[in-house]
Protein chains: 2
Amino acid sequence: MTQCVIAMMVAMPRWDPCAEERLREAALELFLEHGYENVTVAQITERAGLTRRSFSRYFADKRDVLFAGSERLPAVLARAVRHADGALSPFGALLAGLVEVAGELADQAPLAAQRRAVVGASPELRERGRTKFAAVTDAVADALRDRGAAGSEATLLAQVGVAIFRTALDRWADQPDEAGLPGRIREAAAELAASLGTVDFAALPLP
Amino acid sequence: MTQCVIAMMVAMPRWDPCAEERLREAALELFLEHGYENVTVAQITERAGLTRRSFSRYFADKRDVLFAGSERLPAVLARAVRHADGALSPFGALLAGLVEVAGELADQAPLAAQRRAVVGASPELRERGRTKFAAVTDAVADALRDRGAAGSEATLLAQVGVAIFRTALDRWADQPDEAGLPGRIREAAAELAASLGTVDFAALPLP
DNA sequence: GTCTATAGGGCGATAGAC
DNA sequence: GTCTATCGCCCTATAGAC
């Protein structure tokens, strides 16, 4: 957005700038008005002042228009995990990374709420949302392997970390309070640890 | 399959019976031969001796043809969790349910391996696979709520339980050994508990 | 930018099963 | 007759090839 405004002040190009951003805004508006399934790509491009063909230049498919902007989260989280205090265990580094990134995410809350509403109403979009979270999981698992976690254990820990993150996000979105997102993460992780502590693994039945 | 054979012995209808199953078999064969993206619905229905239009009666879309048959897993797992020993904590019941169902799943290994190969090769199918796992997570979370777990904590525990289940499945598929799937579940859960134990939650930085 | 293949679905026709 | 599974032809929209 900021980049776009600056570009407009510097020069007035022949075609309107910020095509991608206008597409995203048009799509969000239309989805909120009529629901995802009832909106065609043609309607989106029309409202944005572009042709049907231009849509494909910016987004791989219709679903992607809602998730653009979240491509960086996997890399950002992976970086935070990699750069966490070297003395921490893999899971400790994971939690520290989550908390760090959560602090930077706080200002994106309003937009996230709108997107949340649209995505939640469409099975097709919820499916794509899971893919986006899976990309985060994969990136985090790679980072944990760099810190010495074994292959499949890194994947397991990454999945658990992302689950904690999602839980914290949900609770924070439902009732934001002074604790903030980082506090919610710590809370969810502590709850999980307590739950795991209730189980005596040796007592589980075996085949 | 069994139902189909019996039906054929009872009567010989004008059109071949077991259309759904033939479609699933034809699809799996074609996907293995040419790859998911290079197979059209028309080719599948042709091999199954049907028309393209009939495909829609059985499957909501092309992806679904590979995942049909897994619709019952959510209900089966949820039932196992609900019926676990009443003295167990929510997470204890979750693990007990996973172990119980894992024992019954062992005989489906060969088919699962083929499906695994096809799904793993296509991003589109991996996306749908995540949706199927999400259905399991939702059902398990409901069961945990019935056992008294709070709303969002039930969701968190369910996600973690499914992550343990997936890890165990992956390891078991990669190298099946005498421990069996239930043993792998216990192993993954114990690993996770150990990892969580390494973290001092009070030491995590707060905003 | 234009064009085509394909997915997905609406509707009615049809042909056996009952 | 009714019921049910299938087909055939229609259309729209997506996605990708040219």
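Letters A, B, ... are given to chains in the order of the sequence lines, protein chains preceding strands, and every chain is numbered from 1.
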Length of the line joining A:F55:CZ and D:dG16:P, which is rounded to integer Å:
12 Å
Distance, rounded to the nearest Å, where B:D64 contributes CG and C:dG9 contributes C1':
15 Å
Carefully, step by step, assess A:V41 and A:V65 under the rule side-chain contact (heavy atoms from CB on, under 4.5 Å).
CA-CA 10 Å; A:V41 174; A:V65 72; over 6 Å; no
Among A:R57, A:R52, A:R53, side-chain contact (heavy atoms from CB on, under 4.5 Å) partner for A:F55
A:R52
Could you check which of D:dC18, C:dG9, D:dG8 has an atom nearest any side-chain atom of B:R52?
C:dG9
Sorted by chain and number, sequence neighbours left out, side-chain contact (heavy atoms from CB on, under 4.5 Å) with B:E71 holds for B:A68
In whole angstrom, what separates B:N38's CG from C:dA5's P?
16 Å
Looking at C:dG1, D:dA5, D:dT14, which one has an atom nearest to any side-chain atom of A:R53?
C:dG1
Between C:dG8 atom P and A:E37 atom CD, what is the distance in whole Å?
13 Å
Can you tell me how far P of D:dT14 sits from CD of B:E124, to the nearest Å?
15 Å
Rounded to whole angstroms, how far apart are CG on A:D61 and P on C:dT6?
19 Å
Which is true for A:A42 with a 4.0 Å heavy-atom rule: it touches a base, it touches only sugar-phosphate, or it touches nothing?
nothing
Closest-nucleotide 5' rank along DNA chain C - winner of B:K62 and B:R57
B:K62
Which of these nucleotides, D:dT14, D:dA5, D:dC7, is closest to any side-chain atom of B:Y58?
D:dA5
Side-chain donor/acceptor of B:R147 to backbone N/O of B:V81, under 3.5 Å:
yes
At under 4.0 Å between heavy atoms, what does A:T51 touch on the DNA or RNA strands: base, sugar-phosphate, or nothing?
sugar-phosphate
Interatomic distance, A:I44 CD1 vs D:dT14 P [rounded to whole Å]
8 Å
